[in-house]
Participant: 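Quick one: the structure is below, questions incoming.
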Amino acid sequence: DGFPGKRARRRERLRHEPRAGPGGGGGGRGAPAERRERGPAPGAEQEARVAPRRCSVAGGLGEWAPTAAPALPPARHLFSDPAEVEALRANLLAWYDRCKRDLPWRALVRGDIGKRGTAYLWVSEIMLQQTQVATVIDYYNRWMQKWPTLQALAQASLEEVNELWAGLGYYSRGKRLQEAARKVVSELAGRMPRTAEDLQKLLPGVGRYTAGAIASISYGQATGVVDGNVIRVLCRLRCIGADSSSPSVIDRLWDMANVLVDRSRPGDFNQALMELGATVCVPKAPLCGQCPVKQHCQAWRRVEKELTFASQKLFGKPPPVPDVEDCGKRVGDCPLCPPATEPWDSSLGVTNFPRKAAKKPPRAMRTATCVLERRGCHGAPEYLIVQRPSSGLLAGLWEFPSVPLAQDLKEEKERQELADHLQAWMEQPVAAKGLQFIGEVIHIFSHIHQTYVVYSLHLDGDVTLDPALSPSRWVTEEEFHASAVSTAMKKVWGALGPSLSYLGKTPGIPSTYLGCPSSRTQLLFSSGLSCSSFRC
Ligand code: SF4
C-alpha cells in the first residue's frame, strides 16, 4: 500500500490488542474440527489480528485501508444487516420444515426429548463425523438397539464398542464416546452438561462442534455450529475464498454461525444449515436453482451477473460498469478473499468456494501380513488374528499377524521378515519359502497410503503362541467378520478369494481379482470396498 512504516507500526499495535473473535476450543466435522481440537496453529492468531489492507467492499470502490479499528473483515464477508439475517433465517427454516430428511436419530430425539434424546443425538453426531448419512444409518440403528441409554453404553466393554464401530474409521472416537458415557454415569450422576461450554469442558471427545450441536438441538442454547457442510455453505454465501481449513478463517466462520443462528429455534436452524450443505449446496454440483437462500448468496449473485453480462455482450449491448462485487482482480490482500494467485475462475461458478490449501500427500507404508490357517476342532478352517496395541492407528482392533516393512525391500527379504516375525510368535521354525504370496492390497487411511503384502500359510498341526506377545485368537470365517477388525483387514480377507481353496472354501466377501500373471504385484480388491490405487 506504499506505507510500509505505517503497516509495521500497525502490526505492532495490533499484537497488543485483544482478539476480535471468540477463541480457543475445538470441534466440527472433518479436518477443521481436528485442527480446532488442538487450537489455532502457531502464528495463526497474529494472522487473524492483522487487518486486510485492501478489498472490494460492497457499497464502495474497495480501498480498505488500515485504520485504528479492530481487524474486522470487509462487509462483503459479514452478515451485518439484521434485516437480511432475519430473512435468511426465515427462508432457511421454512425450507427445512418442508424438506428435511427423515433420519432415524431425528425421530428418536423428537420422541424422547430429555436425557435419552440427548444420548441418541450425541451418538449420531459422533458417527456423522466419520462418514456420510447413508453409511451411518445402519451403524446407528445397531448401536442404539444394543445400547439405548448412556447407562447401557457405560457398561459395555471396549471390545464390544470396537466390534460395532468396525468399518466406521477413527476408532478412537467410539472409544471416547464410551469413556464420556462412563463419566456422565459415574461422575455427573447421569446428568449431561447442558451448555456448549460445559459439554466441551467436561466430556472427553466432545469438541466445539459436537458441544454446539447437542446444546442447541437438545437444550435450545442459541449457539452456532461449524462442520464441513456449514463451512461450504458459509464460504459460498459470503464469497470466502481464503484457505477454509486455516484457524483464522475457521474462527470467522464460527463468528458468522453464531451471528446467524436463530434465537428461537437454534437446533432446527443449525440442522437446517447442515442439511442445506448435505442436500442442496453440495460440493460438486450445487442445486442453486432450488436453494432457499440464494438471494443471500454472494457466490450465486456473482454467477448470475456474469451470465447477464455474457448475454448482453452476445446481443451487442455494451456491458454495464461492473459493481464492486465483480472486481475480483482487485482482491489481493483481504484475508478472506481468494489469494491473488488464484482469483475467481468463471468456469467453476459457485464451486470457486470453499478453497483449501493442498493437502500433504499421504505417507507410504508397507506391511507384510499373513493369513494363518488351521483346521479347527470341528473340521472347519480357523484363522489367527492378533490384537493391535491399545494406542495409535487402529488401536485395539484385531488383524492378521503383520509386520511393518521398510520401503524398497526385495521380495525375498520381505518374505524373510514375515517368516521371522511368525517364528517369534509360534516358537517353531517357519520357512520363508512355505509362505504363499497372495497379492498386494492397498488401503488409504486419511494420512497413510498403506500397502499390505499378503501371504497365507496352512498349518497342519496345532501351534503354541507366545502369550507374552499381543493377545491372539483363532476364529472361524463368521467370527472374523463379527470381530473388531478394520476395513483394511476385510480387504485383505477379500483378497484371499481366488487363492483360498483350503477345504474347498472361499472367503465370504466376493472379490474382484485383477491379477497380472507375469508380475508379482497383483491388484485385489473386494467389491463394495473401494481401492483408490493400484500398481499393476
Ligand atoms: Fe449454495 Fe448455490 Fe445456495 Fe449459494 S445459491 S448457498 S452456492 S446452493
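Just so you know, these numbers use all the heavy atoms, side chains as well, and skip hydrogens, waters and symmetry mates. First listed ligand is number 1; within each ligand, the first listed atom is number 1.
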Participant: What is the closest protein heavy atom to atom 1 (Fe) of ligand 1, and at what distance does it sit?
Facilitator: Cys281 SG, 2.4 Å
Participant: Distance under 4.0 Å to a non-hydrogen atom of Val350: what atoms of ligand 1 satisfy this?
Facilitator: 7 (S)
Participant: For atom 2 (Fe) of ligand 1, find the nearest protein heavy atom and state the residue, atom name and distance (0.1 Å precision).
Facilitator: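 The closest one turns out to be Cys288 SG, 2.4 Å.
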Participant: Could Asp255 and Arg252 be called an ion pair, given the rule that one side-chain N must be under 4.0 Å from one carboxylate O?
Facilitator: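 Salt bridge: yes.
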Participant: Number the atoms of ligand 1 from 1 as they appear, then name those within less than 4.0 Å of a heavy atom of Lys294, with their elements.
Facilitator: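 So the answer, numbered in order with elements, is 5 (S).
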Participant: Can you find a heavy atom in the side chain of Ser486 that is under 4.5 Å from one in the side chain of Tyr171?
Facilitator: yes
Participant: Which bit of Arg236 is near ligand 1, meaning a heavy atom under 4.0 Å away: side chain, backbone, both or neither?
Facilitator: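 Only the side chain of Arg236 comes within reach of ligand 1.
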Participant: Does Glu84 pair with Arg238 as a salt bridge, N-O distance under 4.0 Å?
Facilitator: yes
Participant: What are the two closest heavy atoms between Ala83 and Asp81, and how far apart are they?
Facilitator: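 Minimum heavy-atom separation between Ala83 and Asp81: N-OD1, 3.0 Å.
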Participant: One thing to verify: whether Arg194 and Asp198 come together as a salt bridge, which I'm taking to mean a side-chain N less than 4.0 angstrom from a carboxylate O.
Facilitator: no
Participant: Within a distance under 4.0 Å of any heavy atom of Trp300, pick out the atoms of ligand 1 and give their elements.
Facilitator: 5 (S)
Participant: Under 4.0 Å between a side-chain nitrogen and a carboxylate oxygen: does that hold for Glu86 and Arg89?
Facilitator: yes
Participant: At a threshold of 2.8 Å, where the distance has to be below it, does atom 3 (Fe) of ligand 1 have an N, O or S atom of Cys291 nearby?
Facilitator: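 It does: Cys291 brings an N, O or S atom closer than 2.8 Å to atom 3 (Fe) of ligand 1.
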Participant: What is the closest protein heavy atom to atom 4 (Fe) of ligand 1, and at what distance does it sit?
Facilitator: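 Protein heavy atom at minimum distance: Cys297 SG, 2.4 Å.
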